[in-house]
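Single-structure report; data block below.
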Amino acid sequence: MPNPNRQLIKVIESLHRGLAGNIDVPSPPALPMRAWDAVERAARSIAKARQHGWQMAARMKSRELVARLEELHREIDQVLWQVVDVQTPRQIATPGELYLDLVALQEEPFELKIDTGAGELCVTTEPVVLEGIDLGRFQIRLKLERLQDEWPYRVVALDPAPAAANGSVTHPHVNDEVLCEGEGSASLRKALAEGRLFDFFTMVDRLLHTYGAGRAHIELDQWQGMGCHDCGCVVDEDDYCFCCRCDHVICPECFSTCRHCDQSVCAGCSSSCQHCNEVACLRCLMPCAACLEQLCSECLNDQNLCQTCYEQRTKSDLEKGELEEAAAAKTEPAVHAGGLGQAPCAA
Amino acid sequence: MKILFVNNDGGGFADYIEVAEGTTLATLFLQRVPHGKPQDYLIRVNRQPVTCDHVLSEGDRVSITPTKIQGAMLSS
């Protein structure tokens with residue numbers, strides 16, 4: 001840290017100002033409405049599945065409901081701790097304690113620096129490796145004069161190795177530089193409100209080094225691979241293929257084979273013949289010259305007509321031919337019945 | 001004697017408590033985190049790592065932070 005004393009003093013002044021300014025105006029905690037909404041949605045899904053007799057779906061949704069209720073329970077506990085904490089007189093760190101925290105952070109395996117331009121105190125962690133996946137280092141950037149904001153800090157991936165399905169998810173619990181604090185939320189917020197910077201940064205570091213399976217934005221077993229262009233699922237490197245028309249990655253569930261040219265194609269580059277319903281790529285489908293329905297080569301004849309249009313046209317041609325014959329017959333002279341079979345008259 | 005005890009587990013606790021003279025860090029941990037294992041926590045005295053037989057002094061700052069804290073996902 002360049003010129004530590006002067007710079008540190010300014011940082012400490014900013015921090016203490018932010019802490020002291022907030023002591024009489026504690027913000028109320030956010031209620032877990034999203035968690036409650038998730039519980040309601042799961043319950044409605046169960047009701048709908050039961051109504052339709054979808055037993056398997058109802059069982060799956062029941063398991064989901066349990067998970068949602070547990071999450072709601074955790075969030076209610078967090079809010080409760082925060083509410084109790086608001087009612088308890090709070091002590092904030094003195095400038096001396098802030099200084100000692102910053103010095104102690106430098107003695108931990110962190111890299112500490114001050115971004116004066118952005119007004120942020122930055123602590124860089126060691127590389128985070130979760131279940132064999134190296135997510136790189138993360139920098140925790142705390143806004144010095146915005147401690148009362150809902151999100152006074154952000155978590156920036158310095159060596160990004162985001163999930164294949166979503167580039168904003170750089171860590172299972174970090175999306176768009178926002179860390180979901182989970183079971184650390186109450187104590188972490190308390191540490192921040194009281195200016196216990198050493199505790200705050202240590203807890204964020206521990207959160208980043210802990211994987212909460214089943215509660216991640218994207219689970220680690222879905223982290224690597226490629227995202228299917230059609231359904232968005234993550235496909236292992238050994239399982240995906242490419243659409244032969246548009247070169248997009250598709251998963252085994254989404255790819256189709258055109259029965260005419262045998263090429264693998266995605267949903268966007270294929271359709272069904274409107275006559276035989278067989279899947280074909282868009283290049284192997286042609287419109288009927290009469291009704292314009294998209295048909296495969298086997299359902300179109302050499303006049304580019306489907307069977308129905310061909311029969312109609314044939315029938316129409318026959319009728320037209322009969323009419324023409326009838327009209328032609330009317331214009332020829334009649335044979336006189338009185339002159340039939342008689343010998344020619346003598347001169 | 002009075003020490004500052006900070007427990008960053010659960011809802012968080014940070015306040016001055018009374019402990020007997022000669023109390024070691026291990027004893028304090030057993031009293032305050034009876035169901036926890038020391039190896040599951042980062043334990044610091046005055047922000048420094050110490051051994052479990054460290055004898056506490058008046059005004060010491062003891063902090064206990066879980067090594068594993070599970071995050072979650074924010075609902076969209």
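Residue numbers begin at 1 in each chain, while the letters A, B, ... track the order of the sequences.
- Of all residues spanning residues 203-210 of chain A, those with a heavy atom less than 4.5 Å away from chain B's heavy atoms are M203(A), R206(A), L207(A), T210(A), arranged by number.
- Contacts between residues 50-61 of chain B and chain A, counted as heavy-atom pairs separated by less than 4.5 Å, involve R61(B).
- Atom CG in L188(A) sits 7.5 Å away from atom CD1 in I69(B) (nearest 0.5 Å).
- Considering every non-hydrogen atom in both E97(A) and R47(B), the closest pair reads O-NH2, 3.5 Å.
- Under the rule for a side-chain contact (heavy atoms from CB on, under 4.5 Å), the partners of L220(A) that lie at least two apart in sequence or sit in another chain are L130(A), E131(A), I133(A), P172(A), Y211(A), W223(A).
- By the neighbour-count criterion of 12 heavy atoms within 6.0 Å, atom CE of M1(B) is densely surrounded, having more than that number from other residues, nucleotides or ligands.
- Taking non-hydrogen atoms and a 4.5 Å limit, the residue list of residues 15-26 of chain B in contact with chain A, ordered by number, reads Y16(B).
- Most heavy-atom pairs under 4.5 Å with chain B, from the set S185(A), A213(A), S187(A): that is S187(A).
- Interface summary for chain B: among D101(A), N175(A), T202(A), the most heavy-atom pairs under 4.5 angstrom belong to D101(A).
- The nearest pair of heavy atoms linking E194(A) to A14(B) is OE1-CB, 3.6 Å.
- Other residues, nucleotides and ligands contribute only 12 or fewer heavy atoms inside 6.0 Å of the NZ atom of K61(A).
- Side chains of Q70(B) and H173(A) form no contact here, defined as non-hydrogen atoms less than 4.5 Å apart.
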For this session: Evaluate the criterion salt bridge (Lys or Arg N to Asp or Glu O under 4.0 Å) for residue pair E108(A) and R44(B); output intermediate values, then yes/no.
Result: CA-CA 12 Å; E108(A) 295 287 316; R44(B) 298 280 189 270; 3.2 Å; yes

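- At most 12 heavy atoms of other shown residues, nucleotides or ligands fall within 6.0 angstrom of atom OH in Y99(A).
- We find the CZ-CG distance between F198(A) and N8(B) to be 10.0 Å, quoted to the nearest 0.5 Å.
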